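Inspection log for the structure reproduced underneath, given as C-alpha cells.
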Amino acid sequence: MPETMLPTTVSGAVTRTAGLLEGQVILVTGGSRGIGRAIVEEAGQEGAAVCFTYARHQELAKEVEDHLRAQGHRVLALQADVRDFKRAQ
C-alpha cells in the first residue's frame, strides 16, 4: 500500500492496522515473478498466509519466500506446473 494511503496519527506517524487479509489463506499460481509475485507479496503484507506455485524459476521462488519470511509472514512455495490439468491433479 502506498505510504500516502496508510492511516496516520495527528503527528503524521504511519499507523498499521490489521491487514485486510488477516486470518485468510490464499493460493497464487505463478507467484515467483511478475503479477503473481506482486500478488503474493501484497497478500503477505496484508496478513494472509500465502501458498504459491512456480513452474521453473526455483531461485526466484526461494527469493520471494525468503523475503516474506524475513518480514515475519507465512509463505510456502511449491513447484507445480498447473498449465496441464492431468499433471496438476
Side-chain angles (χ1 to χ4, degrees):
M1 182 179 288
E3 288 289 319
T4 57
M5 296 177 66
L6 292 174
T8 58
T9 63
V10 175
S11 68
V14 173
T15 59
R16 193 52 121 154
T17 57
L20 295 173
L21 299 174
E22 198 71 42
Q24 302 296 310
V25 178
I26 69 163
L27 172 64
V28 179
T29 58
S32 65
R33 54 194 191 105
I35 294 170
R37 180 178 181 153
I39 292 169
V40 168
E41 291 178 348
E42 185 65 24
Q45 295 293 331
E46 288 297 332
V50 182
C51 177
F52 71 93
T53 66
Y54 64 95
R56 297 179 304 272
H57 302 282
Q58 184 174 13
E59 304 83 24
L60 293 175
K62 180 158 177 30
E63 181 181 298
V64 174
E65 220 177 6
D66 291 347
H67 175 72
L68 287 174
R69 282 200 180 124
Q71 296 178 3
H73 304 298
R74 297 167 296 164
V75 61
L76 174 64
L78 299 172
Q79 186 169 20
D81 187 349
V82 297
R83 295 176 295 179
D84 182 344
F85 180 74
K86 288 183 180 183
R87 290 182 65 196
Q89 287 185 321

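Bear in mind that the values here come from a model prediction, so they are computed numbers and not experimental data. Here, residue 1 is the first one in the sequence, and each next residue gets the next number.
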According to side-chain hydrogen bond (donor to acceptor under 3.5 Å, both in side chains), who are the partners of Gln58, at least two apart in sequence or on a separate chain?
none

Do His67 and Glu63 come close enough that some side-chain heavy atom pair is under 4.5 Å?
no

Does the side chain of Ile26 reach to within under 4.5 Å of the side chain of Cys51, using non-hydrogen atoms?
no

Looking at His57 and Ser32, would you say the former's side chain and the latter's main chain have a donor-acceptor pair under 3.5 Å?
no

State which residues pass side-chain hydrogen bond (donor to acceptor under 3.5 Å, both in side chains) with Arg74; sequence neighbours excluded, sorted by chain then number.
none

Looking only at heavy atoms, what is the nearest atom pair of Thr53 and Thr29, with distance?
OG1-CA, 3.2 Å

Are Leu68 and Val40 side-chain neighbours, meaning at least one heavy-atom pair lies under 4.5 Å?
yes

Decide yes or no on side-chain contact (heavy atoms from CB on, under 4.5 Å) for Glu41 and Gln71, but give the supporting numbers first.
CA-CA 11 Å; Glu41 291 178 348; Gln71 296 178 3; over 6 Å; no

Val64-Ile35 co-clustered via ILVMFWY side chain contacts under 4.5 Å:
yes

Before you tell me yes or no, could you show the steps for Val75 and Phe52 under side-chain contact (heavy atoms from CB on, under 4.5 Å), namely the whole-Å CA-CA distance, both residues' side-chain angles and the distance that decides it to 0.1 Å?
CA-CA 8 Å; Val75 61; Phe52 71 93; 3.8 Å; yes

What's the spacing between Glu65 CD and Leu78 CG if we round to 0.5 Å?
8.5 Å

Charged N-O contact under 4.0 Å between Arg37 and Glu42
no

Between Gly44 and Val50, which heavy-atom pair has the shortest distance, and what is it?
N-CG2, 3.8 Å

Gln24 side chain to Ala48 backbone, donor-acceptor under 3.5 Å:
no

Can you tell if the side chain of Tyr54 reaches within under 4.5 Å of the side chain of Leu60, non-hydrogen atoms only?
no

Residues Asp84, Lys86: salt bridge by 4.0 Å N-O rule:
no

Say whether, by atom type as modelled, one donor and one acceptor occur between the side chain of Glu46 and the main chain of Leu21 under 3.5 angstrom.
no

